[in-house]
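Chain letters run A, B, ... following the sequence lines, proteins first, then strands; residues in each count from 1.
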Number of protein chains: 2
Amino acid sequence: MPRWKPDAVERLQAAALELFGEQGFERTTVAEIAQRAGLTQRTFFNHFADKREVLFGLSSELQQEILREIAAGDDTLPPLDAVVRALGVAADRLFEDRRAAVTRRHAVLAANPELQERELSKNAVLTEAIATALNARGCDPETAFLAAGAAMVAQQVAFQKWTLPDEKRSLRDLLSDAVNSLRTTVSQTAGT
Amino acid sequence: MPRWKPDAVERLQAAALELFGEQGFERTTVAEIAQRAGLTQRTFFNHFADKREVLFGLSSELQQEILREIAAGDDTLPPLDAVVRALGVAADRLFEDRRAAVTRRHAVLAANPELQERELSKNAVLTEAIATALNARGCDPETAFLAAGAAMVAQQVAFQKWTLPDEKRSLRDLLSDAVNSLRTTVSQTAGT
DNA sequence: GTCTATATGCGGATAGAC
DNA sequence: GTCTATCCGCATATAGAC
């Protein structure tokens, strides 16, 4: 018999998402979240550096997954393809079966500038990390950053569509479409 | 004879940049900045919403300039070219003759996560604004966002180089190079 | 000045692992 | 029996609202 119920972190994340959805981020206290999860405020701060961080657990997993997939991928893939493949694998593993929760999280973020700032920071860090991973595969730093940034822009477009109510396609497919659109758009030039 | 010296905003910005460079952002108070500019703390907060904002005056001008140039540009230019042309014009008008000040500002930002967050927010807003401006020229929203995001990634690469000590080329030229690199990188695909 | 909420430091308790 | 991971309790610094 364990002294405590397992999965404290997961329970806190679920409770927070529920309460933020019901009452909004600002109007929800850490004490409430902990109570709903059957834990104390102190335990919340043992697991999360601050109140916002409870919404970004998936981001860390996503980053790890992406970096692993880039490192494990075919070395001969061009940089953008390498990133897009990794993003697709990560999306399949971490997002596809959690559409409801991810969409609710997205709605909470959309309603709160503080949380959007945190999201921007995480994305900037992720972009840099992807660039570093590409660089480790032999890509020069500038190309690596351009490929990472381009992939993240496509990912944003795909993710935005994926969270629309009636969207049925997988994030991977939407990302593939977005990358194709990006390739078309970037290729158009007055010079020709 | 004016009652006060002119250019209060400019003097505050210059004083802030000096002090942040000498002592760091955190260790500089608004009162010090105001004093060095020959003004009071009250005047500082009349012009800037908070301490960070004193470093982002140029960002607002830049955004206005870019949006104006996109709106005024040749309607037949492809979206990415339209943005890049506007960024180039804005860079020439606002950055080229202030390399020293802009570089010092960049160093201050690099040393402070709080300021980097603000910068990320400003860039996100700018990207959205550029997309909206493209959309107003008849570009569909998805293409507009992809072009805006791609241009901003190239701009980041160019700006980073432009602030290196021995870099002599203009930001416009560096941006042009970065966009060419981006086009090359994004075009590479395993599918061919 | 009080109240609320966020956030941190430090110590203590216990189930399970070794 | 000791060690470690996990969680709790208490005190407190800080900041904003009222």
Practice problem: Could you tell me whether R105(B) sits above the aromatic face of F56(B), with NZ or CZ closer than 6.0 angstrom to the six-membered ring centre and within 45 degrees of the axis? | Solution: yes
Quiz item: Does a side chain donor of either N46(B) or T43(B) reach within less than 3.5 Å of an acceptor in the other side chain?
Solution: no
Quiz item: Between H47(A) and dC7(D), does any side-chain N or O lie under 4.0 Å from OP1 or OP2?
Solution: yes
Quiz prompt | Angle between terminal axes - the helix from dG1(C)-dC18(D) to dC18(C)-dG1(D), 5 pairs each end, rounded to 10° | solution = 10°
Quiz prompt | Candidates Q23(B), E18(B), K51(B) - the one meeting side-chain hydrogen bond (donor to acceptor under 3.5 Å, both in side chains) with T28(B) | solution = Q23(B)
Quiz item: For every nucleotide of nucleotides 2-12 of chain C, 5' to 3': is a protein heavy atom under 4.0 Å from its base (B), only from its sugar-phosphate (S), or from neither (-)?
Solution: ---SBBBBB--
Quiz item: Is there a donor in the side chain of Q35(A) and an acceptor in the side chain of Q41(A), or the other way round, less than 3.5 Å apart?
Solution: no
Exercise. Only counting residues at least two apart or in another chain, list the ones meeting side-chain contact (heavy atoms from CB on, under 4.5 Å) with A90(B).
Key: L62(B), E65(B), I66(B)
Self-check item: Phosphate OP1/OP2 of dC7(D): any T40(A) side-chain N/O under 4.0 Å
Solution: no
Practice problem: Name all residues meeting the side-chain contact (heavy atoms from CB on, under 4.5 Å) criterion together with V157(A); count only those two or more places apart in sequence or in a different chain, and write none if there are none. | Solution: A178(A), E142(B), F145(B), L146(B)
Quiz item: When you check the side-chain N and O atoms of W162(B) and E96(B), is any donor under 3.5 Å from an acceptor?
Solution: yes
Self-check item: Side-chain H-bond candidate by donor/acceptor type, T143(B) with D140(B), under 3.5 Å
Solution: yes
Exercise. Just jot down the side-chain contact (heavy atoms from CB on, under 4.5 Å) partners of R183(A), sequence neighbours excluded, or say none.
Key: L80(A), D81(A), V179(A), V186(B), T189(B)
Set out, line by line, the N/O atom pairs under 3.5 Å between protein and nucleotides 16-18 of chain D.
none

Practice problem: Verify the cluster assignment for L109(B) and L58(B): are they in a single hydrophobic cluster under the rule of side-chain heavy atoms below 4.5 Å apart? | Solution: no
